[in-house]
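Written out below as structure tokens is the structure these notes cover.
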Amino acid sequence: QVQLVESGGGLVQAGGSLRLSCAASGLTFSSYAMGWFRQAPGKEREFVAAISWSGGNTYYADSEKGRFTISRDNAKNTVYLQMNSLKPEDTAVYFCAASHSVVPATPRGYDYWGQGTQVTVSS
């Protein structure tokens, strides 16, 4: 079975930092591009960041670029999202996803999803 498990979410004050982790199992991790999405209450799931199979290419939504960093450790089957300078509008459930394609920026391009981890940023 393919399983993606997110962790590292929590409650932080505006301006603070969090590092999310996504541990993958049941797949050849290095063969998949990985992405992070988020969904706030009443809103659609939106793209946050993605990283290619080897980690050589990264992609970010404009609102996160410069604040967030995506990385991966293929030896540990884990992808990370380092989030700095957090804002209240970053509050959402963050999802990890895996794609056997060319780093899609839309949810429909991903094959597997985790259950999500809650990130709450207070003012």
Side-chain angles (χ1 to χ4, degrees):
Q1 292 183 337
V2 174
Q3 188 174 19
L4 306 178
V5 181
E6 302 96 335
S7 62
L11 174 65
V12 297
Q13 293 184 333
S17 299
L18 284 174
R19 189 181 77 160
L20 306 183
S21 298
C22 173
S25 61
L27 52 75
T28 303
F29 185 72
S30 61
S31 297
Y32 286 80
M34 302 296 297
W36 286 97
F37 291 78
R38 67 187 184 186
Q39 188 167 21
K43 295 187 177 182
E44 296 182 343
R45 190 167 299 186
E46 67 175 354
F47 171 75
V48 175
I51 188 167
S52 62
W53 304 269
S54 66
N57 296 299
T58 57
Y59 308 87
Y60 300 92
D62 289 341
S63 61
E64 289 81 40
K65 195 170 186 178
R67 299 189 299 122
F68 291 8
T69 302
I70 188 171
S71 62
R72 67 191 297 162
D73 187 340
N74 287 351
K76 296 181 178 180
N77 287 359
T78 302
V79 63
Y80 305 94
L81 184 68
Q82 178 67 47
M83 304 186 294
N84 299 323
S85 301
L86 284 163
K87 305 174 181 179
E89 51 262 45
D90 295 318
T91 296
V93 176
Y94 283 71
F95 297 90
C96 174
S99 174
H100 201 279
S101 65
V102 287
V103 197
T106 61
R108 289 174 291 180
Y110 288 81
D111 303 297
Y112 304 105
W113 293 84
Q115 294 297 306
T117 184
Q118 177 70 47
V119 172
T120 303
V121 184
S122 63
S123 301

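For reference, positions follow the sequence shown, starting with 1.
Among residues at least two apart or in separate chains, disulfide bond (SG atoms under 2.5 Å apart) pairs with a member in residues 8-106 are Cys22-Cys96. Applying the side-chain hydrogen bond (donor to acceptor under 3.5 Å, both in side chains) definition to pairs two or more places apart or across chains, those involving residues 114-123 are Gln118-Thr120. Under the ring pair (Phe, Tyr, Trp, His ring centres under 6.0 Å) criterion, the residue pairs touching residues 90-123 are Tyr32-His100, Phe37-Tyr110, Phe37-Trp113, Tyr110-Trp113, with sequence neighbours excluded. Among pairs with a residue in residues 103-118, none fulfils salt bridge (charged side-chain N to carboxylate O under 4.0 Å, His left out), at least two apart in sequence or across chains.
Residues Ile70 and Val5 do not share a hydrophobic cluster, defined by chaining ILVMFWY side chains whose heavy atoms lie under 4.5 Å apart. By the rule that hydrophobic residues join a cluster once side-chain heavy atoms approach within less than 4.5 Å of another member, Val48 and Val119 end up as members of one cluster. Residues Val12 and Phe68 fall within the same hydrophobic cluster, defined by Ile, Leu, Val, Met, Phe, Trp and Tyr side chains chained together at heavy-atom separations under 4.5 Å.
Nearest heavy-atom pair across Gly8 and Leu18 is O-CD2, 3.7 Å. Shortest non-hydrogen contact noted between Thr78 and Ser21 is CG2-CB, 4.3 Å. Scanning both residues, Ala98 and Leu27, for their nearest heavy atoms gives CB-CD2, 4.4 Å. Asn74 approaches Ser30 most closely through the heavy-atom pair ND2-CB, 3.6 Å.
In terms of the side-chain hydrogen bond (donor to acceptor under 3.5 Å, both in side chains) criterion, residue partners of Ser101 (sequence neighbours excluded) are, by chain and number, Ser99. With sequence neighbours excluded, the residues that form a salt bridge (charged side-chain N to carboxylate O under 4.0 Å, His left out) with Glu64 are Arg38. Every side chain to side chain contact (heavy atoms under 4.5 Å, CB included) that Ala105 has, sequence neighbours left out, goes to Phe47. When the salt bridge (charged side-chain N to carboxylate O under 4.0 Å, His left out) test is applied to Arg19, no partner is found at least two apart in sequence or on another chain.
Counting only heavy atoms from C-beta outward, the side chains of Phe29 and Met34 approach each other to under 4.5 Å.
The backbone N or O of Gly35 lies less than 3.5 Å from no partner atom in the side chain of Tyr59, so there is not a single donor-acceptor pair. For Trp53 (side chain) and Ser31 (main-chain N/O), a donor-acceptor pair under 3.5 Å exists by modelled atom type.
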For residues 81-89, which side-chain N or O atoms pair as donor and acceptor with protein atoms under 3.5 Å away, sequence neighbours left out?
from, atom 1, to, atom 2, distance (Å)
Gln82, NE2, Asn84, OD1, 3.1
Asn84, OD1, Ser17, OG, 2.9

